[in-house]
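See structure below.
Note that the structure is predicted; figures quoted are calculated from it, not measured.
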Amino acid sequence: MDNRDDPTPDSPLRRRLLGGLLTAAAPALPLILPSSASAADSPIQVGGLPVTCNLTLPVACMAKAAAIGKPGALPRGFEYSKYNGWPEVKESLMTGRIQAAYMLAPLVMDLADKRIPVKIVSLGHRSGAVIMVRTDSTYKKFADLRGKRIAIPSRFAVDFLFLRKMLAREKMTPKDIEIIEMAPPDMPAALYAKAVDGYCTGEPFGAAAQRAGYARPLAMTRDEWRNYICCVLTVREELIKENRPLVQELVNYVQAAGSWLDSAAASREKAITIAAGRKYFNQDPNVLRFVMQNPSDRVTYGDLRMIRSEFDELMQLSIEAGTIKRPIAYESYVDESFVKAIKPVAISL
């Protein structure tokens, strides 16, 4: 194989694969405002990862910025604050460094159970997780993974629950495979180097390896778990108490961004251009485009309803997985009032 196609350490392909996906994923520095600026007027920072499950966030932020100063728009906005991993987002939300973030739904349940004052106010997407294996592997069904080494982002990730569901269909358990936790940006190269036999994660880290030609999906949530939810918009309760209109506008824009993304191919192409930029994901737009087009419902955004039974299912699966110890009251971690009070806003991008 030509070295240009070899994503081993320090090779050009690995730098192409990981450079765009990883370099911009470091936690964003806190916004430094001029001393004359009032904290009450500065944009709130909304934490998120550079993953396509969070794509509604850059779209919402950009659309809101374009609307400031127009009739009916609140003068205070919100901005995307980029993080590398869920532990960093969780810590920032717990300590109040940020007041809103896209979070893993089971993590929010766990935080609420620990009396951290946070509430889920909207979904961010549906579907978007894949289980990848090497193109040249003989694995055709999950029974073929017995004894194999499979990477997951975190045991709190819904990706892990997806893997467990697929194993259960083969009457297998996680004990039948070797599970390791790994940062998603490292997964494509690990699969290429045969350090793992497969991995389960959100996009675009499955698409990166598939587009490069050495990996294929063994399963996708679009086929196996259509109502899959993972990343949810979460806010601290003090923000709800202090500035309910701003939270409502944030939810309005996130929900509108979801509908806009699924409305036309041109909307997704515009979103790719926005998200690929340095201010947001700082990723190769061709990888993001691959996610959006192969197939077009690999990740979906148009149906962001919060349905209690779906959260109940996630909780039960998390309890079975041991990541949540006991049932947690739905009302303790979800505030449906903002979704019920949605007002249409225009996504003019």
Side-chain angles (χ1 to χ4, degrees), residues 51 53 85-87 90 103-111 113-114 126-184 186-188 190-203 205-206 209-210 215-232 298 307-328 330 333:
V51 295
C53 291
W86 299 117
K90 174 184 173 182
M103 286 277 286
L104 297 170
L107 264 180
V108 183
M109 296 173 185
D110 186 59
L111 289 178
D113 190 46
K114 292 179 169 61
R126 286 187 184 275
S127 200
V130 290
I131 300 172
M132 305 297 295
V133 295
R134 286 179 59 92
T135 303
D136 59 5
S137 74
T138 59
Y139 313 142
K140 302 297 182 185
K141 56 185 184 299
F142 273 78
D144 298 331
L145 296 181
R146 192 178 299 273
K148 304 303 180 183
R149 185 175 172 88
I150 310 299
I152 61 171
S154 162
R155 292 181 186 269
F156 274 101
V158 187
D159 313 291
F160 178 45
L161 303 182
F162 175 40
L163 177 62
R164 287 176 60 92
K165 281 174 71 81
M166 298 306 298
L167 290 171
R169 292 184 188 182
E170 298 287 346
K171 303 188 184 309
M172 296 168 63
T173 74
K175 293 181 179 180
D176 292 313
I177 59 176
E178 181 183 355
I179 292 178
I180 62 168
E181 295 187 26
M182 178 182 293
D186 294 337
M187 291 180 180
L191 183 67
Y192 184 89
K194 299 184 179 181
V196 296
D197 300 294
Y199 62 86
C200 181
T201 193
E203 298 292 4
F205 304 110
Q210 185 180 356
R216 58 180 170 84
L218 185 62
M220 305 173 75
T221 50
R222 68 175 291 273
D223 301 316
E224 310 292 351
W225 192 358
R226 291 294 291 185
N227 64 343
Y228 173 95
I229 56 176
C230 177
C231 299
V232 291
R298 193 170 183 132
I307 300 172
R308 182 170 185 156
S309 62
E310 295 176 356
F311 283 99
D312 289 345
E313 179 187 18
L314 278 185
M315 180 172 296
Q316 184 58 42
L317 290 169
S318 297
I319 291 172
E320 292 170 3
T323 50
I324 290 178
K325 304 305 179 186
R326 58 183 175 274
I328 303 162
Y330 179 73
Y333 65 88

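For the pair Tyr333/Leu111, no side-chain contact is recorded, criterion being any heavy-atom separation below 4.5 Å from C-beta on. Considering only heavy atoms from C-beta on, Leu104 comes within 4.5 Å of Cys230 through its side chain. Looking at Met187 and Pro153, their side chains come closer than 4.5 Å, going by heavy atoms from C-beta outward. By the 4.5 Å heavy-atom criterion applied to side chains, Leu314 and Met109 are counted as neighbours. Using a 4.5 Å heavy-atom threshold, the side chains of Leu167 and Asp176 count as separate. Side-chain atoms of Val130 and Arg298, non-hydrogen and from C-beta on, do get closer than 4.5 Å to each other.
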Give the C-alpha distance, both sets of side-chain angles, the deciding distance and a yes or no for side chain to side chain contact (heavy atoms under 4.5 Å, CB included) between Arg169 and Glu224. CA-CA 11 Å; Arg169 292 184 188 182; Glu224 310 292 351; 2.6 Å; yes
Could you go step by step and tell me if Leu145 and Leu218 meet the side chain to side chain contact (heavy atoms under 4.5 Å, CB included) rule? CA-CA 10 Å; Leu145 296 181; Leu218 185 62; 3.8 Å; yes
Evaluate side chain to side chain contact (heavy atoms under 4.5 Å, CB included) for Trp225 paired with Val158, printing each intermediate quantity in order. CA-CA 11 Å; Trp225 192 358; Val158 187; 4.0 Å; yes
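Rounding to the nearest 0.5 Å places CD of Glu181 at 5.0 Å from CD1 of Ile152. Once rounded to the nearest 0.5 Å, the distance linking CG of Asp312 with CD1 of Ile307 reads 11.5 Å. Between the CZ atom in Phe162 and the CE atom in Met220 there is a gap of 9.0 Å [rounded to 0.5 Å]. The line from CG of Asp159 to OG1 of Thr221 is 8.5 Å long, rounded to the nearest 0.5 Å. Note that CG of Asp223 is 8.0 Å distant from OG of Ser127, once rounded to the nearest 0.5 Å. For the atom pair CZ of Phe156 and CG of Leu107, the computed distance is 5.5 Å after rounding to the nearest 0.5 Å.
Panel note: side chain Arg126, backbone Asn227; a donor-acceptor pair is recorded below 3.5 Å. In terms of modelled atom types and a separation under 3.5 Å, the side chain of Arg164 and the main chain of Glu320 share a donor-acceptor contact. The closest donor-acceptor contact from the side chain of Asp197 to the backbone of Ile150 lies at 3.5 Å or more, if one exists at all. Arg216 places a side-chain N or O within donor-acceptor distance of the main-chain N or O of Ser137, the cut-off being under 3.5 Å. At least one donor-acceptor pair under 3.5 Å links the side chain of Tyr199 to the backbone N or O of Phe205. Side-chain N or O atoms of Arg134 include one that pairs as donor or acceptor with a backbone N or O of Tyr192 at under 3.5 Å. Panel note: side chain Lys194, backbone Leu191; no donor-acceptor pair is recorded below 3.5 Å. Checked by atom type and distance alone, the side chain of Thr323 pairs as donor or acceptor with a backbone atom of Ser318 at under 3.5 Å.
With sequence neighbours excluded, the residues forming a salt bridge (charged side-chain N to carboxylate O under 4.0 Å, His left out) with Asp113 are Arg326, listed by chain and number.
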